[in-house]
Each structure stands twice: as C-alpha cells, then as structure tokens.
Number of protein chains: 2
Amino acid sequence: MTVGAGPTITSEITWLLHRAAQHMHVVTGLQAEKHGLQLRDHIILSAIHKTPGLTQVELAKTVSLDKTTLMSQLDRLERNGLILRRPDPHDRRVRIPEMTAAGEDIRARVAADSRVAEQDALRSFSGTDIESFRRMLIGMIGDSADPGSCL
Amino acid sequence: MTVGAGPTITSEITWLLHRAAQHMHVVTGLQAEKHGLQLRDHIILSAIHKTPGLTQVELAKTVSLDKTTLMSQLDRLERNGLILRRPDPHDRRVRIPEMTAAGEDIRARVAADSRVAEQDALRSFSGTDIESFRRMLIGMIGDSADPGSCL
DNA sequence: CTCAGATGATCTGATCTCATACGATCAGGT
DNA sequence: ACCTGATCGTATGAGATCAGATCATCTGAG
C-alpha cells in the first residue's frame with residue numbers, strides 16, 4: 001500500500017488501483033459537474049441508457065447502490081425532470097425509471113466529455129498498452145461477481 | 001462505463017478500474033477480517049507502520065480520510081489496544097498515534113495474507129505484464145495529487 | 001377461487017460521514 | 001510581555017447511508 005511515491009505498505013497494486021480509480025472518478029466527476037450533475041447522477045443515467053427497462057431494484061444492483069440510497073437519487077433526478085417513473089402495465093408493483101428527453105440530452109453531453117477526459121488521461125500510452133491494460137482489469141474482476149458499493 | 005460484461009456506457013476504463021479496485025478491496029478486506037480487523041483498520045495500521053510519527057491530521061490526509069472520521073477509527077483501535085496516542089513533548093497540541101506490540105503483530109499478519117491474496121489475483125499474468133500494469137497505474141495517477149476520500 | 005410465499009417500492013430508525021465550530025497551543029512580530 | 005494568526009485535537013449538528021419493517025401486488029399450488 002503505497003503512500004505518495006514510496007514502496008509497498010500492504011499491497012502495492014491494490015493501493016495503486018484504488019488511487020487510479022479515485023483519480024478517474026474525480027476527472028469524470030468534474031465533467032458531470034460542468035453540466036450540473038453529480039458523478040452518481042451520471043452513472044445512474046448511463047445505466048438507464050445502457051439497459052432500459054430495469055426496475056429500481058435491478059437498477060440498484062446494476063450500479064452497486066443500496067436500494068434505499070438509489071431511491072433518494074431517483075427522487076432528485078425526477079424532481080429535476082431528468083427521469084420519470086413509469087408504471088409497468090404488466091406489474092402494478094413496479095415503477096420503471098425512464099429518461100426524459102432532457103435527461104438523455106444531458107447524459108449524452110456528459111458522456112462525450114467524459115470520453116474525451118478519459119482518453120486524455122490515457123494519451124501517453126499506446127493502443128496496445130491500453131488494450132492489455134483493459135484485459136488485465138477484466139481478468140482481475142472476472143473471478144468474482146459481487147461488486148459491493150463504494151460510489 | 002460498463003455494467004457486467006457489456007460495451008461502453010460512459011468510460012469503460014474508468015468503470016473497469018472502479019470494479020477492479022472494489023474487487024481488490026473485498027479480497028484484502030477478507031484477509032483483514034480473518035484477523036478481526038476491518039479493511040480500514042488495516043489501512044490505518046499500515047500507514048502508521050510505513051510512516052511513523054505523523055500527527056492525526058497528517059495521518060488522515062495520508063489515508064484520505066476525514067480527520068473526524070479518522071478520530072473514531074483511532075478511538076476504536078486504541079480501545080482494542082492496537083495503538084496508543086503518545087503526547088509529543090515538543091508540541092503539547094499533538095498526539096502521535098503509535099502502534100503497540102499487539103497492533104504491529106496483527107498488522108504484519110494481515111499484510112502477509114494480503115500480499116498472498118494479491119499475488120493470487122494476479123497469478124494468471126506474467127511479471128512483465130504486471131510491471132507495465134503498475135507503470136500505467138502510476139502514470140494515470142501522476143498528473144494530479146489530490147486523492148479524495150472513498151474508503 | 002383462495003391462500004401462502006415471494007417480490008417491488010417505500011418508510012423508519014440506527015449508524016456513519018463530514019463540514020463547521022471551538023478551545024488549547026504554537027510561532028512570529030512588535 | 002502581548003497580540004495576531006495558524007494549527008492540532010475534539011465536539012457538534014446536518015445530511016447521507018443502509019438494514020429491516022411495511023404495504024401492495026404478483027405467482028403458483030391446491
């Protein structure tokens with residue numbers, strides 16, 4: 001576990017991963033804030049965009065948030081007119097979070113800016129380096145499924 | 001931002017980094033719990049081991065925790081006899097967190113187990129792969145300094 | 001149809017986090 | 001010696017988080 005630039009405290013790779021993930025969160029969070037969103041808002045909107053039709057419980061699991069925590073986030077997004085909860089005609093228990101046109105508009109803009117910011121953070125590495133980097137990340141995750149919540 | 005195994009939602013690398021870091025937290029957290037510690041406890045003990053003599057404020061910044069949050073953690077570690085707060089004879093404002101023999105003993109055991117667990121998670125990659133992986137992580141972090149708190 | 005159990009959304013209460021405030025202490029200038 | 005401003009540790013209050021309870025609804029067995 002490295003602090004600053006020193007050698008190992010516990011597990012150097014784990015600590016570096018943590019630092020790098022934190023750094024990228026800050027970077028993409030800044031892009032979201034430029035459009036008046038929090039990083040979490042963008043993560044939620046992105047999940048809805050990627051996999052529409054999920055229930056609130058399924059959405060919570062997808063983004064690794066507690067269901068009650070997700071509720072307050074959805075409340076705020078709904079208040080701001082970025083999503084709405086559509087009742088499912090086939091199951092009156094469920095409310096499907098759905099993006100409004102305004103929500104999709106902001107989501108797309110933040111996504112574009114985030115993509116640029118990410119590529120900027122990786123600009124000093126070659127395409128093959130990035131590809132093997134990606135493969136290693138996937139390999140590390142692959143073993144287990146449950147993410148846990150840290151957002 | 002990938003969910004599960006699908007393609008990009010916002011920034012694939014950022015999301016993969018997040019997932020990988022989370023996964024490693026779970027893995028090393030399990031090692032800590034085997035010895036009755038929480039992951040955070042181990043991070044704090046590791047920081048004290050790596051850089052002894054820090055004040056509580058400096059320690060909080062080192063491990064990226066709010067100083068008031070760190071206080072309650074130190075309270076618990078002190079109650080359990082793993083650390084003590086030594087008054088600094090040169091500055092009566094300061095209390096230097098210091099490990100007890102029991103604390104150092106547990107810290108060393110968790111560190112050893114965590115190292116094994118980390119190497120196990122990386123077992124399918126070559127040494128040169130891991131080395132370039134490490135270099136890329138450092139390169140990504142390098143640009144900025146401030147970590148922010150997510151522990 | 002009816003009942004028992006499962007599931008989705010929401011509420012509640014306990015706990016954790018963190019910005020701020022505060023008292024004690026230090027350092028430096030006058 | 002006496003201010004002035006900064007820093008350290010701690011206390012406090014507002015807000016976030018999460019486990020568990022609750023209510024409505026669905027599903028499948030009998």
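For the numbers below, each heavy atom of this structure counts, side chains included, while hydrogens, waters and symmetry mates do not. The chains referred to below are lettered A, B, ... by the order of the sequence lines, with proteins before strands, and numbering in each begins at 1.
Checking the phosphate oxygens (OP1, OP2) of C:dA27, no side-chain nitrogen or oxygen of B:Arg93 falls inside 4.0 Å. One finds a side-chain N or O of A:Gln56 lying less than 4.0 angstrom from the OP1 or OP2 phosphate oxygen of C:dT10. Listed pair A:Arg85 / C:dG8 fails the phosphate criterion, with no side-chain N or O lying under 4.0 Å from OP1 or OP2. In terms of phosphate contacts, A:Arg76 brings no side-chain nitrogen or oxygen within less than 4.0 Å of OP1 or OP2 of D:dA16.
In summary, the aromatic rings of A:Phe125 and A:Phe133 are positioned with their centroids too far apart to meet the 6.0 Å limit.
Mapping A:His90 and B:Asp75 onto DNA chain D via the closest heavy atom, the residue that lands nearer the 5' end is B:Asp75. Of the two residues contacting DNA chain C, namely B:Ser72 and A:Pro97, the nearest-nucleotide position lying further toward the 5' end is that of A:Pro97.
The nucleotide whose nearest atom lies closest to any side-chain atom of A:Thr68 is, among D:dA6, C:dT12, D:dA11, C:dT12. Candidate nucleotides D:dG9, D:dT25, C:dT10 were compared by shortest atom distance to the side chain of B:Val94, and D:dG9 ranks first. With C:dC26, D:dC8, D:dG20 as the choices, the nucleotide that has an atom nearest any side-chain atom of B:Asp91 turns out to be C:dC26.
One interatomic measurement links the two molecules: NZ of A:Lys61 to P of C:dT7, which rounds to 10 Å at whole-angstrom precision. Per the geometry, CZ belonging to B:Arg95 stands 8 Å off C1' belonging to D:dG9, to the nearest Å. If you take CG of B:Leu70 and C1' of D:dT10, they are 12 Å apart, rounded to a whole angstrom. Atom CZ of B:Arg86 is separated from atom P of D:dC8 by 16 Å (rounded to the nearest Å). Counting to the nearest Å, the P atom of C:dC11 and the NZ atom of A:Lys67 are 13 Å from each other. Note: CG (A:Leu74) to P (D:dT17) measures 13 Å, nearest angstrom. Rounded to whole Å, the distance from CG on B:Asp88 to P on C:dA27 is 10 Å. The distance from atom CD of B:Gln38 to atom C1' of C:dT15 is 12 Å, rounded to the nearest whole Å.
Salt bridge B:Arg135/A:Asp129: absent, no basic N to carboxylate O contact under 4.0 Å. A salt bridge is absent between A:Arg79 and A:Asp75: the closest approach of a Lys/Arg side-chain nitrogen to an acidic carboxylate oxygen does not fall below 4.0 angstrom. Ion pairing of B:Arg115 with B:Asp120 is absent here, as no side-chain N (NZ or NE/NH1/NH2) approaches a carboxylate O to less than 4.0 Å.
Side-chain contact between A:Gln38 and A:Glu33 is absent, with no heavy atoms from C-beta onward closer than 4.5 Å.
Contact annotation for A:Gln73: backbone-only contact, meaning every heavy-atom pair under 4.0 Å involves sugar-phosphate atoms and none involves a base.
Between the base of C:dT25 and the side chain of B:Arg92 there is no donor-acceptor pair shorter than 3.5 Å.
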